[in-house]
Structures are given as C-alpha cells and as structure tokens.
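Written below as structure tokens is the structure these notes are about.
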Amino acid sequence: MRNLVLILLVAASCLVFTIAGHLYWKQNIEATVQTARAEMEASAKEEEKANQTETILARATQLPVAAQNAIKRAVEEHRPIHLVIAGSESTPEKGGWPDLLKQALDEAYGEGTFQITVHEYEGLTTADADRQRIAADWANDKPDLVLLEPFLLNDNGVIVIDDTLDHIESIIGQLKSAAPDAVVILQPPNPIDNATYYPKQVEELEAFAKENGYPYINHWPAWPNHRSEELNKYIDPESDLPTSEGAKRWAEALAEYFIAQ
C-alpha cells in the first residue's frame with residue numbers, strides 16, 4: 001500500500017512539473033513572439049518614417065538650400081512644415097492662388113505635411129506694413145518658411161523703390177527678431193498691363209534679394225508679357241488683380257519650385 005501511495009505521489013509530482021514546465025515554456029514563447037512582433041512593428045514604422053522623410057526631401061530639391069534645411073528640420077522633428085504666406089490683396093486668404101498652391105502641396109507631399117497660414121493685408125503699402133509691425137502676425141504662427149509677396153504693387157506710384165526696399169528689410173528684421181529660424185522667400189506681386197516703372201521695381205526687388213541673400217522666386221516668366229493683350233485673361237485690367245486663370249497660373253509657377261518632379 002505504501003508503495004502504491006509513493007508511486008502515485010511521484011506520478012502526481014511528475015505531472016505537476018510537466019504541466020508547470022509546459023506553461024513556463026509556453027509563456028516564454030509567447031513573450032518572445034510578442035517582443036519580436038513589437039520590434040518588427042517598430043522597425044517597420046521607423047522604415048516608413050525614413051521613406052516618408054526621403055520622399056519629402058526629394059520633393060523639395062527645387063527650393064533654395066535654406067528652405068530645404070528648414071523643411072528637413074521640421075520633418076526630423078516629426079511635425080508639419082509651417083508655411084506662412086503673406087502679402088497684399090494679390091495674395092488672398094480665400095479663393096486665390098494660395099488655396100491652389102495648398103492643394104498642389106497636399107497632393108505632392110501628402111495632406112497635412114504642410115500647415116499653411118495665409119495673411120492678406122488689403123491696401124497696405126510697405127510703409128504701412130513696417131509701421132504696423134505685421135511680421136508679429138507671422139511669428140505667432142511659428143513659421144519654418146514665410147513666402148512674402150511684399151506690397152510692391154501698392155507702393156507703385158506712392159513710395160520710391162529705395163524706400164520700399166528699406167521697409168522690406170525692416171519687416172524681415174522684425175520677423176527674424178521674433179522667429180530667428182524662419183526662412184523668408186521673396187516673390188513679386190503679379191504683373192500688370194502696360195506698366196512702365198513697375199517692372200523696373202520688380203527687377204530691383206530681385207536684385208535686393210540676391211544682394212542680401214534672401215531666396216527669391218521669380219514667377220513672372222510664367223505670365224504673358226506685360227505689354228501683351230493676352231495678359232488681360234490672367235489679370236483683371238480694372239483691379240490689377242489675378243483672375244481665376246491668373247491665380248491658377250501663379251500657383252502652377254510656384255508649385256514648380258516647391259515640387260520637384
């Protein structure tokens with residue numbers, strides 16, 4: 001009888017150890033599998049982020065180097081690229097070329113890659129903009145890039161070009177003091193029909209940008225000649241502002257800089 005009890009105890013002990021060992025082994029296997037799965041998922045996410053970063057930077061190669069660096073910084077920080085677009089009534093907050101440019105950027109880079117804020121200042125000259133310190137509006141948006149259409153068209157016939165350029169320099173200085181990492185990209189307003197002095201002022205703006213190291217986007221070659229009647233299709237001769245076709249032409253010209261094919 002004692003032998004039988006002993007045998008039963010030994011058998012029960014073996015069974016318990018076998019079950020415990022199996023459970024321990026199973027738990028270890030499950031833990032190993034879960035760890036491996038988590039590592040694979042993390043690796044896949046990192047690879048996906050790296051591919052996204054590479055794609056975004058490849059798209060931006062047409063932009064000036066300073067702008068590319070600002071975009072790279074935002075991407076590496078895994079946040080949207082903050083683009084501020086500012087200008088006169090030629091740069092409307094709604095229904096103009098900024099909206100069309102945003103659509104193009106969303107299609108090329110992915111929706112949400114660029115966070116775009118538009119500031120339209122109707123009727124302002126550069127002197128007004130300088131005095132009102134409107135650059136504070138842009139600094140509040142924490143921009144990586146500021147695409148500035150200075151108020152050259154509003155200055156035409158009102159402020160001489162040398163004073164205009166001084167005001168632009170002051171406005172950029174105001175921005176830089178509040179947002180030192182922001183990269184300012186200058187561009188001219190739209191052309192207008194049969195202008196005499198205005199095209200020369202635009203040339204002076206481009207020369208100013210080059211002399212002071214500001215990135216400059218010249219979209220004027222995308223428009224018909226300012227002495228051509230064809231321009232009236234793109235610029236309303238009454239308001240000197242872009243028509244819907246003009247807004248499309250302007251946005252397409254800028255997209256060529258922002259989106260490398």
message: Does Leu153 form a side chain to side chain contact (heavy atoms under 4.5 Å, CB included) with Ser88? I'd like the steps, not just the answer.
response: CA-CA 8 Å; Leu153 193 50; Ser88 68; 5.6 Å; no
- prompt: Would you say Asp236's side chain and Thr243's backbone share a donor-acceptor pair under 3.5 angstrom?
  reply: no
- prompt: Should Glu245 and Arg249 count as an ion pair when the cut-off is N to O under 4.0 Å?
  reply: no
query: Taking His167 as the fixed residue, which of Thr126, Thr125, Asp162, Asp130 is the one that meets the side chain to side chain donor-acceptor pair (under 3.5 Å) rule?
result: Asp130
query: So which heavy atom on Asp193 is nearest to which on Ser228, and how close?
result: OD1-O, 4.0 Å
query: To the nearest 0.5 Å, what is the distance between CZ (Arg73) and CD1 (Ile81)?
result: 11.0 Å
query: Hey, is NZ on Lys176 packed in by over 12 heavy atoms from elsewhere, all under 6.0 Å?
result: yes
task: Indicate if Ile159 and Ile172 have the same hydrophobic cluster label, given that clusters are the connected sets of ILVMFWY residues with side-chain heavy-atom separations under 4.5 angstrom.
output: no
message: Which label fits Tyr121 and Phe151: parallel for a plane angle under 30°, tilted from 30 to 60°, or perpendicular past 60°?
response: perpendicular
Pair Trp97 and Tyr234, ring centroids less than 6.0 Å apart: no
query: Do Asp144 side-chain atoms and Ile71 backbone N/O form a donor-acceptor pair below 3.5 Å?
result: no
Determine all donor-acceptor pairs shorter than 3.5 Å in which one atom belongs to a side chain in residues 108-116; sequence neighbours excluded.
residue	atom	partner	partner atom	Å
Tyr109	OH	Arg59	O	3.2
Tyr109	OH	Ala60	N	3.4
Tyr109	OH	Phe258	O	2.4
Thr113	OG1	Tyr109	O	3.0
Thr113	OG1	Gly110	O	2.9

message: Quick one: does any side-chain atom of Gln62 pair with a main-chain N or O of Ala260 as donor and acceptor, under 3.5 Å?
response: no
field: Heavy atoms from other residues, nucleotides or ligands near CZ of Arg133 exceed 12 (cutoff 6.0 Å)
entry: no
Candidates Glu149, His119, Gln187, Glu120 - the one meeting side chain to side chain donor-acceptor pair (under 3.5 Å) with Thr91: Glu149
task: Examine distances only and state if a side-chain atom of Asn225 and a backbone atom of Arg227 form a donor-acceptor pair shorter than 3.5 Å.
output: yes
task: Ignoring hydrogens and angles, tell me if any N or O in the side chain of Asn212 forms a donor-acceptor pair with the backbone of Tyr214 under 3.5 Å.
output: no
- request: Please name all residues satisfying salt bridge (Lys or Arg N to Asp or Glu O under 4.0 Å) with Asp181, sequence neighbours left out, ordered by chain then number.
  value: none
- request: For Asp155 and Thr164, test the side chains for any donor-to-acceptor distance below 3.5 angstrom and give the result as yes or no.
  value: yes
field: Nearest-0.5 Å distance that lies between atom CD1 in Ile235 and atom NE2 in His226
entry: 12.5 Å
query: Is a side-chain N or O of Asn140 found less than 3.5 angstrom from the main chain of Ala136, in a donor-acceptor match?
result: yes
Pro64 side chain reached by Tyr216 side chain, heavy atoms, under 4.5 Å: no
- request: Report the C-alpha separation of Gln68 and Leu57 in whole Å, then their side-chain angles, then the decisive distance to 0.1 Å, and conclude whether the side chain to side chain contact (heavy atoms under 4.5 Å, CB included) test is met.
  value: CA-CA 7 Å; Gln68 292 182 49; Leu57 296 180; over 6 Å; no
field: Minimum heavy-atom distance between Pro98 and Pro92, given as atom pair plus value
entry: CG-O, 3.4 Å
